[in-house]
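One structure is given here, and the rest of the page talks about it.
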Number of protein chains: 2
Amino acid sequence: MATKKKTERVTIRTVAEDAGVSVAAVSKVLRSAYGVSDALRAKVQASMAKLGYRPLAAARGMRGQTYTLGVLLSDISNPFFSDIMAGINAALERTEYQPLIGVSQSASSIELELIDAMQDRQMDGLILVAPRMKAADLDTVATRIPSVLIGHHLPGATLFDTVNDNDVLGANLVVKHLAGVGHRNIVFLSLQMPALDDVLITTQREIGYTTAMAECGLARYTQIVRADQTAREARTLARHLLQSRQRPEAIFCWTDFIALEVLSVATELGLSVPGDVAIVGYDNTRYCDMAQNSLTSVDQSGQLLGLQAARLLIERIKGREKAEHLVLTPRLVARSSSLKVATSVPGPAAA
Amino acid sequence: MATKKKTERVTIRTVAEDAGVSVAAVSKVLRSAYGVSDALRAKVQASMAKLGYRPLAAARGMRGQTYTLGVLLSDISNPFFSDIMAGINAALERTEYQPLIGVSQSASSIELELIDAMQDRQMDGLILVAPRMKAADLDTVATRIPSVLIGHHLPGATLFDTVNDNDVLGANLVVKHLAGVGHRNIVFLSLQMPALDDVLITTQREIGYTTAMAECGLARYTQIVRADQTAREARTLARHLLQSRQRPEAIFCWTDFIALEVLSVATELGLSVPGDVAIVGYDNTRYCDMAQNSLTSVDQSGQLLGLQAARLLIERIKGREKAEHLVLTPRLVARSSSLKVATSVPGPAAA
DNA sequence: CGTTCAACGTATACCGTTCTACATTATCGA
DNA sequence: TCGATAATGTAGAACGGTATACGTTGAACG
């Protein structure tokens, strides 16, 4: 009982001593490595349980793995990301891996710092959600740490895996739906980007929008406007659009949060939705289904995206070299914000 | 140039060699420890910059600090938490500390696992946001790792600091406001808890509600109903309340998200808000200000809470022993969801 | 009955820091 | 000029794991 020092930490050595085996044997059990008899394993596990031993991640990190995965989110306030996290957590539930989140606040400089920080902390793998950093930086990162990207279209990438929803199709569905209920002057409210880049989901959605408009014979109505992430700028832009002489018949927003702001501005201006203007969002977050919003949106199961990303990452950590690129299929959820007139047939309410 | 091994990692030794000093000297510079001349510091820093040296957290963790702080969130989908994170990030901006988030999904078992995981990873400090774990477990954690709790009322705690908003006052403001515009039958929609415990913010709000009702002479109208975190249960309960014979004149919800669900149900039932029923939320998240919601709420500056918590944590890591307990003051933001009749004077819209 | 070889264990170098204990100079007052 | 003291720098032992390189068995085989 009375050991010399007080509050002695339980290390692999303590366990070895208690079980009457070597340190290496304990380590083998821990890593479920080759060359351990059932008897020995049992003995060691008994000792570990008895002593309440927990391996120290820092020490493991010095030579092997840390069993920690880094998740890079640009902004936790977007409820879509919480779906992704739920999927990641579900996938890692029964594994030894622990996901830890870093928030980049949508700034590419912070993004890089954060990734460096994760690298310094010897993370075994990275899940990057809609990163904004340069392609070259991304490659650098991916060569050092197994990485999976969500919301980054680069099917030719060899250094990392990607998991995406088909954003071109998603935007396509929206335009077809709006055109189907008779709208022609459909504006796409997109995200302000430093440069148009095919890897970005917003660019993909712009492509889907433009293509679909052409396919519907509405090419001459094609109009893309862009605002940054802030509610403020989206509102200014929305106000401008809604008060202009030829007010759009429908505004399709790149993400739900922006659509909700547009809905707010329309309401303030005394416009009826969808009577005066139809509004559509993207991501089908929980707010869409609330009756005061009843926002048509595109469902892209964030949960599934997260789950698959985590699965791919584990595979990659375990040694897979060949890149995989998953593309899931979106689904339109029509609600009353986009139906033509008072023929409004709202989708079934939740609960 | 051509060293033996390829892609040699830049360690403290590489730097020492390059600068022509000892390893210990470099370490001293890193830690800005005592006994370094300006000349030496300059030399070392030049080498570090030249070689792009970054200290390995795992190695530091073996001996000293990891410069990593753990943030425990129950659920990232609540936008209030993103405000808290923004505050934490702001406070740590210019420091060496890196915050990493773990999500417990509101389950106290996961909560404990997560804290163990953070402990295994040698986090220097913990910020726990509205934890659900038992007091004893909390004490155990706090004795091992410097901890600050947000949204946990325990002004007598000696092992950790707390940062809170005055929830009793917040609920008080709401009741006074509602009573002021003539409501009497005010129901409080609270959170289902395993047991009533004064440390919980919801209990505090219940107390504030009950007290204020009594103070307003409305004791006989006092009614508290409780639902769990899910939208489903909140909706069921809301439907029940709104369809009952004596429908409440006002429903005060413990958090915005629930209030928005209640608003949704009310809208579905064809009730006018605030004409038929007033609705009030808590946290003043971004959704409150949207015109379709225009939800009266209590602002408790999550940003400030996060900022203060991070500040206190750093102090504690640096050695402060005496516990500090901050209580901030909430502010009511009245919007049209709670005004008596068509005299509705909506608050100024954003932007 | 020797040889081979898989199965099981062990000893120990090593990972990249921190930090104590100590060595070597300057600085300076008497 | 001589300690005494402060200032600066170094050597090297930890920290707690991992994983390589071996040593020892015992069973199977020819």
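Protein chains get the first letters and strands the later ones, always in sequence-line order, with residue 1 at the start of each. Keep in mind that what you see is a predicted model, and the values were worked out from it rather than measured.
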*asked:* What is the distance, to the nearest angstrom, from the CZ atom on Arg31(A) to the P atom on dG9(C)?
replied: 14 Å
*Does a side-chain N-to-carboxylate-O contact under 4.0 Å join Arg13(B) and Glu17(B)?*
no
*Phosphate-side-chain proximity, Arg63(A) and dG16(D), N/O vs OP1/OP2 below 4.0 Å*: no
*Does Ser22(B) have a side-chain nitrogen or oxygen under 4.0 Å from the phosphate oxygens OP1 or OP2 of dT10(D)?*
yes
*Can you tell me how far P of dA19(D) sits from NZ of Lys28(A), to the nearest Å?*
12 Å
*To the side chain of Ser27(A), which of dT10(D), dG9(C), dT18(D) is closest?*
dT18(D)
*May I ask you to check whether Tyr53(A) and Gln45(A) show a side-chain donor-acceptor distance below 3.5 Å?*
no
_Interatomic distance, Leu56(B) CG vs dT18(C) P [rounded to whole Å]_ = 10 Å
_From Leu138(B), Leu312(B), Val163(B), residue fulfilling side-chain contact (heavy atoms from CB on, under 4.5 Å) relative to Leu149(B)_ = Leu138(B)
*With the side chain of Tyr53(A) defined as its heavy atoms from C-beta on, choose the nearest nucleotide among dG17(D), dT17(C), dT10(C).*
dG17(D)
*When Val15(A) is tested against each of Val29(A), Val21(A), Val26(A) for side-chain contact (heavy atoms from CB on, under 4.5 Å), which residue passes?*
Val26(A)
_Side chain of Tyr34(B), heavy atoms from C-beta onward: which of dG17(D), dA7(D), dA11(D) has the nearest atom to it?_
dA7(D)
*Separation of Arg13(B) atom CZ from dT18(C) atom P, in whole Å?*
11 Å
_Flag, side chain of His152(A) to backbone of Leu200(A), donor-acceptor distance under 3.5 Å_ = no
*Among the nucleotides dG9(C), dT10(D), dG17(D), which one has an atom lying closest to any side-chain atom of Thr11(A)?*
dG17(D)
*Indicate, with a heavy-atom threshold strictly under 4.0 Å, whether Val26(A) touches base, sugar-phosphate, or nothing.*
nothing
_Using a 4.0 Å heavy-atom cut-off, does Ser37(B) contact any base of the nucleic acid, only the sugar-phosphate backbone, or nothing at all?_
sugar-phosphate
_In whole Å, I'd like the distance from the CD atom of Gln122(B) to the C1' atom of dT17(C)._
13 Å
*Could you check whether Arg41(A) gets within reach of a base, just the sugar-phosphate, or nothing at all, counting any heavy atom under 4.0 Å?*
nothing
*asked:* Please compare Gly64(B) and Asp38(A) by the position of their nearest nucleotide in DNA chain C and report the one closer to 5'.
replied: Asp38(A)
*Could you state the CD1-C1' distance from Ile12(A) to dC15(C), rounded to the nearest angstrom?*
15 Å
_I need the NZ-P distance between Lys43(A) and dC8(C), as an integer number of Å._
14 Å
_Euclidean distance, atom CD of residue Gln65(B) to atom C1' of dT17(C) [Å, nearest integer]_ = 13 Å
*If you find the nucleotide of DNA chain D closest to Leu40(B) and the one closest to Met62(B), which residue's nucleotide is nearer the 5' end?*
Leu40(B)
_When you measure only distances, ignoring hydrogens and angles, does the side chain of Arg9(A) come within 3.5 Å of the base of dG16(D) through a donor and an acceptor?_
no
